[in-house]
Asker: 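This is the structure I have questions about; it appears just below.
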Amino acid sequence: MAKGFSDEVLRAIRERVDLVEVIGAYVALKRTGQNAVGLCPFHTEKRPSFTVSAAKQLYHCFGCGAGGDLFGFVMQRESVTFPEAVQLLARKAGVPIPDRDGSGVDRHRQTLYEIHTAAAAHFRRRLEGREGEAARRYLQGRQLTPDTMDAFGLGYAMSSWDDLLTALTTQGWTPQQVEEAGLAAPRTQGGGWYDRFRHRVICPIRDVHHNVVAFGGRVLDDALPKYLNSPDTPLFNKGRHLFGLDRAREAVASTGSLVVVEGYFDVMAAHQAGVRHVVATLGTALTPAHLDVIRRLVRRVVLVFDPDAAGVRAAMRTIELFSPLDLHVDVVSLPGGKDPDRIVFEDGPDAFRAALESGVSLVAFVLDHLAPSGDYRRVDAKKDAVARALPVIATLPNPIDRDHYRAWLADRVQVTEASLRDAMGRGAGATPPPRREAPSAPNQAAVRPRAESMVAAALVQGRLAVDQVRGLGLEAFTDQAIRSVVELAFSAGGPPESGAPHTMSASGLWESASGRDDVARTITELAVLSFSDDESGKEVEDCLIDLEISRCERRIQDLRRSIGALESRTDGLTSLQQELDRFTRAKARLHETRRLSVRAVGGE
């Protein structure tokens with residue numbers, strides 16, 4: 001039993017859920033041999049150091065030291081407890097979890113997931129029934145096909161104060177639970193609750209695991225607000241979620257880019273037209289949390305803004321967010337100021353695709369509005385444009401970008417670059433603000449002896465049997481973390497056996513290190529360490545020889561110290577000298593074996 005769950009339940013989840021697939025929902029992973037690598041989801045980095053082993057179902061970051069298994073990843077990434085991680089993954093795997101009242105299993109989030117699933121089904125039934133006729137006409141007017149409605153799970157909330165609340169409480173949930181799920185609100189007078197969504201087309205909002213975590217509703221009359229989202233709940237934060245990301249993930253991975261639009265219907269129209277790397281914010285501007293998700297998935301972002309004052313203000317806000325990140329950001333203003341869904345349905349999918357390829361850089365978009373083309377013969381016009389545009393250029397962290405756009409501004413307003421440099425030197429923002437540094441890595445990966453790492457990794461990955469390493473002895477491993485792993489493997493492998501060699505399971509070894517974080521972290525590091533598949537056996541054999549040589553050298557040094565300490569005494573001196581000769585000859589033989597091994601490779 002692991003924290004209230006049977007081994008059978010945990011094993012069933014591991015068999016049905018692939019760690020690479022789960023992590024791939026958060027991070028763009030690239031296959032490299034037997035492993036997959038990407039940007040670490042737990043600390044900021046520019047070069048991938050995060051490695052996932054599909055075979056071992058373990059992950060490790062060589063930058064910050066984070067590592068673990070399927071449940072550990074979900075716990076760390078979603079900031080949930082072990083029971084909550086099990087419940088989330090069980091839902092994904094379709095593994096039933098028996099009720100364990102009083103067992104310590106936290107069913108709080110599970111209950112909220114179940115309420116949202118039931119609510120989505122209720123809204124869907126209402127859309128398909130007689131009462132959903134007006135909503136169906138509205139959706140048909142938006143030119144959405146039945147397949148698109150099904151794919152996004154669209155529904156309808158009746159023009160009733162308690163239709164959903166009644167349905168959910170009839171199924172056994174309390175009004176307080178429905179309120180916590182964000183689907184009901186308390187009445188200000190007279191007590192009781194009422195439905196949050198009424199007479200609206202309903203769009204379920206899903207997390208990256210395809211679980212419904214919230215809803216968005218578009219009103220069908222003149223009521224305000226036109227669009228209404230669920231409030232923040234334990235499952236949902238509108239500043240973190242992107243609508244449609246669960247359905248866009250494959251297209252995002254294949255195109256290497258992400259298109260961000262403003263509305264639900266823009267996303268659905270784009271997906272219906274076959275442009276599926278499109279998502280939307282949920283009634284908010286882009287936030288740092290959004291960008292934390294985006295930068296781990298793609299290197300190119302396309303922002304679709306309206307070419308009006310509000311669009312420019314939105315672009316201005318995003319410059320500050322995007323500047324510290326290593327992302328290529330383009331801005332697209334659609335022809336005629338149309339929304340994406342209007343472009344798709346009125347001008348065709350190809351027109352929308354062409355528009356997405358016609359974007360300009362985010363900085364160029366903003367500067368073109370701050371210093372638009374025009375008459376700059378008057379000094380005041382020059383000064384005003386420079387006052388608006390130069391602070392934006394000054395904040396750019398890359399000096400090449402600053403030089404490029406300073407030259408652009410000088411040409412636009414007809415001044416010299418020298419005068420702009422002088423203005424930057426005297427004015428506010430003369431030097432770019434310091435870049436936001438990545439948070440310090442909590443467990444910076446250590447530099448370990450190569451031979452020890454390779455042999456221990458081969459042991460953890462099952463390339464070497466326990467008895468093949470046991471002969472070296474623990475003293476062969478000078479790195480304390482690696483020695484602890486090897487010692488654990490020796491213990492798990494049992495006493496020396498003369499039968500079939502015993503090999504380790506990396507995941508099983510990791511589980512046996514429960515409660516010893518440093519050992520568990522080292523196991524994940526070794527489990528994802530890469531070998532050259534063509535010569536992995538020889539690589540490990542050479543490292544074994546190197547460790548044997550090191551063992552001989554240490555023993556030789558010990559013997560020489562012991563012989564020196566005896567000085568003129570003869571008792572015991574002969575036996576020590578004989579042992580010294582034996583280790584010296586053994587060391588010479590090992591060096592010869594190593595030399596012949598290298599020569600053989602060179603002659604192939």
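For the single chain, residues carry numbers from 1 onward in sequence order.
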Asker: Can you find a heavy atom in the side chain of D69 that is under 4.5 Å from one in the side chain of Q57?
Answerer: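 No; the side chains remain at least 4.5 Å from each other.
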
Asker: CZ of F352 to CG of D266: how many Å apart, nearest 0.5 Å?
Answerer: 7.5 Å

Asker: Apply side-chain contact (heavy atoms from CB on, under 4.5 Å) to residues E320 and T395 and explain how you reach the verdict.
Answerer: CA-CA 8 Å; E320 182 180 354; T395 62; over 6 Å; no

Asker: With a 4.5 Å heavy-atom cut-off, do V22 and K92 have their side chains touching?
Answerer: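 Yes. Closest side-chain heavy atoms under 4.5 Å.
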
Asker: To check you understand the geometry: which heavy-atom pair defines the closest contact between G244 and V279, and what is its length?
Answerer: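 So the two residues come closest at C-CG1, 4.0 Å.
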
Asker: Strictly distance-based, threshold 3.5 Å: is any side-chain N or O of R125 a donor or acceptor partner for the main-chain N or O of G155?
Answerer: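 The answer is no, because no donor-acceptor pair under 3.5 Å joins these two groups.
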
Asker: What are the two closest non-hydrogen atoms of R31 and A54, and how far apart are they?
Answerer: NH1-CB, 3.6 Å

Asker: Could you tell me whether the side chain of R136 and the main chain of L127 form a donor-acceptor pair under 3.5 Å?
Answerer: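 Between the backbone of L127 and the side chain of R136 there is a qualifying donor-acceptor contact (under 3.5 Å).
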
Asker: Between H328 and F322 (judged by ring centroids, cut-off 6.0 Å), do the two rings come close enough to count as a pair?
Answerer: no

Asker: Between H43 and C61, what is the shortest heavy-atom contact and its length?
Answerer: CE1-SG, 3.3 Å

Asker: Around atom CD of E250, are there more than 12 heavy atoms from other residues, nucleotides or ligands closer than 6.0 Å?
Answerer: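 At most 12 heavy atoms, drawn from other residues, nucleotides or ligands, come within 6.0 Å of this atom.
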
Asker: If we only count heavy atoms from C-beta on, is the R91 to E114 side-chain gap below 4.5 Å?
Answerer: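 Side chain of R91 against side chain of E114, heavy atoms only: contact under 4.5 Å found.
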
Asker: Taking atom CG of L420 and atom CH2 of W408, what is their separation to the nearest 0.5 Å?
Answerer: 11.0 Å

Asker: Would you compute the distance between atom CG of L356 and atom OG of S257 and round it to the nearest 0.5 angstrom?
Answerer: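 The distance works out to 8.5 Å.
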
Asker: Would you say D195's side chain and F197's backbone share a donor-acceptor pair under 3.5 angstrom?
Answerer: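 Not a single qualifying donor-acceptor pair exists.
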
Asker: Is there a side-chain contact between F123 and L164, using heavy atoms and a 4.5 Å cut-off?
Answerer: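 F123 vs L164: side chains touch.
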
Asker: Indicate the atoms forming the closest heavy-atom contact of S361 with Y405, along with that distance.
Answerer: OG-OH, 2.8 Å

Asker: Just how far is it from atom NE2 of H404 to atom CD1 of I393, taken to the nearest 0.5 Å?
Answerer: 9.5 Å

Asker: Assess whether side-chain contact (heavy atoms from CB on, under 4.5 Å) is satisfied between L183 and W173, documenting all intermediate values.
Answerer: CA-CA 12 Å; L183 298 175; W173 292 291; over 6 Å; no

Asker: Is the backbone N or O of G182 less than 3.5 Å from a side-chain atom of R196, with the two atoms forming a donor-acceptor pair by type?
Answerer: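 Between the backbone of G182 and the side chain of R196 there is a qualifying donor-acceptor contact (under 3.5 Å).
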
Asker: Counting only N and O atoms by type, is there a donor-acceptor contact under 3.5 Å from the side chain of T166 to the main-chain atoms of D163?
Answerer: no

Asker: Please determine if R137 and E133 form a salt bridge, counting it only when a charged side-chain N lies under 4.0 Å from a carboxylate O.
Answerer: yes

Asker: Taking the six-membered ring for Trp and the single ring otherwise, decide whether the centroids of F152 and H271 are under 6.0 Å apart.
Answerer: yes

Asker: Between H122 (side chain only) and A118 (backbone N and O only), is there a donor and an acceptor less than 3.5 Å apart?
Answerer: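 Not at all, since once roles are kept as given, no pair shorter than 3.5 Å links the two residues.
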
Asker: Going by heavy atoms in the side chains, are V52 and F50 under 4.5 Å from each other?
Answerer: yes

Asker: Taking the six-membered ring for Trp and the full ring for Phe, Tyr or His, determine whether the centres of F42 and F73 are under 6.0 Å apart.
Answerer: yes

Asker: Quick one: pull up NE2 in H209 and CG in D246 and give me the separation to the nearest 0.5 Å.
Answerer: 11.0 Å

Asker: Does any N or O in the side chain of R218 come within less than 3.5 Å of the main-chain N or O of R200, such that one atom is a donor and the other an acceptor?
Answerer: no

Asker: With the side chain counted from C-beta on, respond yes when E84 and E78 share a heavy-atom pair under 4.5 Å apart, and no when they do not.
Answerer: no

Asker: Between R300 and T255, do the side chains contain an N or O donor and an N or O acceptor separated by less than 3.5 Å?
Answerer: no

Asker: For T318 and L286, work out which heavy atoms get closest and say how close.
Answerer: CG2-CD1, 4.1 Å

Asker: Please report the interatomic distance CG(L70) to CD(E21), rounded to the nearest 0.5 Å.
Answerer: 10.0 Å

Asker: Any donor-acceptor pair under 3.5 Å linking the side chain of D375 with the backbone of R377?
Answerer: yes

Asker: Can any side-chain N or O of H116 pair as donor or acceptor with the backbone N or O of Y113 at less than 3.5 Å?
Answerer: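 Looks like no, no N/O pair under 3.5 Å.
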
Asker: Could you walk me through whether L242 and T281 pass the side-chain contact (heavy atoms from CB on, under 4.5 Å) test, one step at a time?
Answerer: CA-CA 5 Å; L242 292 165; T281 55; 4.1 Å; yes

Asker: Any carboxylate oxygen within less than 4.0 angstrom of a Lys/Arg side-chain nitrogen, looking at R412 and D368?
Answerer: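 Yes, this pair counts.
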
Asker: Judged by modelled atom types alone, do E180 and Q176 share a side-chain donor-acceptor pair under 3.5 Å?
Answerer: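 The criterion, which ignores hydrogens and geometry beyond distance, is not satisfied for Q176 and E180.
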
Asker: Would you say R342 has more than 12 foreign heavy atoms packed within less than 6.0 Å of its CZ?
Answerer: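 Correct, the count exceeds 12.
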
Asker: Checking N211 side chain against V213 main chain: does a donor-acceptor pair fall under 3.5 Å?
Answerer: no

Asker: Which residue is it: H199, E131, R124? I am looking for the one with a side-chain hydrogen bond (donor to acceptor under 3.5 Å, both in side chains) to Y156.
Answerer: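 Only one of H199, E131, R124 forms a side-chain hydrogen bond (donor to acceptor under 3.5 Å, both in side chains) with Y156, namely H199.
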
Asker: Is any side-chain heavy atom of V27 closer than 4.5 Å to a side-chain heavy atom of L297?
Answerer: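 No, side chains not in contact.
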
Asker: Mind checking whether F265 and L139 have side chains closer than 4.5 Å, heavy atoms only?
Answerer: yes

Asker: Given the rule in the side-chain contact (heavy atoms from CB on, under 4.5 Å) test, do F71 and I13 qualify, once you have shown the distances and angles that lead to the verdict?
Answerer: CA-CA 10 Å; F71 302 107; I13 293 173; 3.9 Å; yes

Asker: Taking all atoms of both residues into account, what is the closest heavy-atom pair of L165 and Y194, and its distance?
Answerer: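 The pair with the smallest heavy-atom distance is CD2-N, 4.5 Å.
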
